[in-house]
Amino acid sequence: MTMPLKGFSPQKLRLLREERANGISSRQLSIRAGFPRPYGEVGKWESGLSTPSLKRLRVLADILGCSPRDLFDVQRGEEELVHLRTWAGLSSEEVALHVKISYVAYRRLEQGVALDRSILGAHEWKRLAQVLGVDEEEARAAWRHSSLLRSRKRS
């Protein structure tokens, strides 16, 4: 079972399918993408019943001629690390491996928890930004936004 993609927009998927794929049906898009269950997979995503996997998100974006980010309802400046990771098509495990920190440490970072500099120093921030395909300030801003949301939930 796939974890839901935070911020995924069923409406944007439908709109992009209608505009960029010459109005083909969700079934036809599933077939074009080579998905094994063409009778409802894209339809479920468009209705909000489920979200695509990271791999299928990338396939959809490629077919629709857009970036994965275009399929999300996340405003500039409101990105969280989870969004940057998703748009890069990476799992938490893959990011942690590339950044050379533990999976648990990365998940805590994604949740907005501050990590000790011995775990996440300047070199790790630089690697994190590279892996996510953003500059270091954008990665740090995404973490700060995650941290802000975390503090709001706790109060």
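Considering every non-hydrogen atom in both Gly89 and Glu94, the closest pair reads O-OE1, 4.1 Å. Across every non-hydrogen atom of Leu149 and Glu80, the tightest pair is CD1-OE2, 3.1 Å. Residues Leu84 and Ala142 share a closest heavy-atom pair of CD1-CB, 3.5 Å. When all heavy atoms of Pro52 and Leu60 are compared, the pair lying nearest together is CG-CD1, 4.2 Å. Closest non-hydrogen pair, Val82 versus Thr86, comes out as O-OG1, 2.7 Å. Considering every non-hydrogen atom in both Trp143 and Leu109, the closest pair reads CD1-O, 3.1 Å.
By the 4.5 Å heavy-atom criterion applied to side chains, Leu54 and Arg58 are not counted as neighbours. Counting heavy atoms from C-beta outward, Cys66 and Leu71 have side chains that approach closer than 4.5 Å. Residues Gln111 and Ser146 have side chains not in contact (no heavy-atom distance under 4.5 Å, counting atoms from C-beta outward). Contact of the Tyr106 side chain with the Leu120 side chain is not registered, since no non-hydrogen atoms from C-beta on lie closer than 4.5 Å.
Taking the charged nitrogens against the carboxylate oxygens, Arg144 and Glu137 do have a contact shorter than 4.0 Å, which makes a salt bridge. Arg14 has no carboxylate O lying under 4.0 Å from a charged side-chain N of Glu18, or vice versa, which leaves the two without a salt bridge.
Between the side chain of Thr51 and the main chain of Leu5, a donor-acceptor pair closer than 3.5 Å is present. For the pair Arg85 (side chain) and Leu132 (backbone), a donor-acceptor distance under 3.5 Å is absent.
Tracing side-chain contacts under 4.5 Å through hydrophobic residues (I, L, V, M, F, W, Y), one never reaches Leu15 starting from Val59; they form parts of separate clusters. Residue Leu81 is not grouped with residue Val113 when hydrophobic side chains (ILVMFWY) are merged at heavy-atom distances under 4.5 angstrom, including chains of intermediate members. Cluster membership for Leu64 and Phe35, using ILVMFWY side-chain heavy atoms within less than 4.5 angstrom, is shared. There is a path of hydrophobic side-chain contacts, each under 4.5 Å, that joins Trp45 to Leu16.
Each ring-ring contact (aromatic ring centres under 6.0 Å, His included) pair with one or both residues in residues 55-97, not counting sequence neighbours, appears once here: Phe8-Phe72, Phe72-Trp87, His83-Trp87. Contacts classified as salt bridge (charged side-chain N to carboxylate O under 4.0 Å, His left out) and involving residues 66-75 (residues at least two apart or in different chains) are given here: Arg69-Glu79, Arg69-Glu138.
Residue Arg127 places its CZ atom among more than 12 non-hydrogen atoms of other residues, nucleotides or ligands, all under 6.0 Å distant. Heavy atoms of other residues, nucleotides or ligands lying less than 6.0 angstrom from NZ of Lys12 number more than 12.
To the nearest 0.5 Å, atoms OG (Ser26) and CD (Glu41) are separated by 11.0 Å. Rounding to the nearest 0.5 Å gives a distance of 13.5 Å between OG of Ser147 and CD of Glu110. The CZ atom of Arg32 lies 13.5 Å from the CZ atom of Arg27; values are rounded to the nearest 0.5 Å.
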Let me check something: any side-chain donor-acceptor pairs from residues 97-105 under 3.5 Å, sequence neighbours excluded? List them with distances.
unit_1: Ser102; atom_1: OG; unit_2: Ala105; atom_2: N; d: 2.9

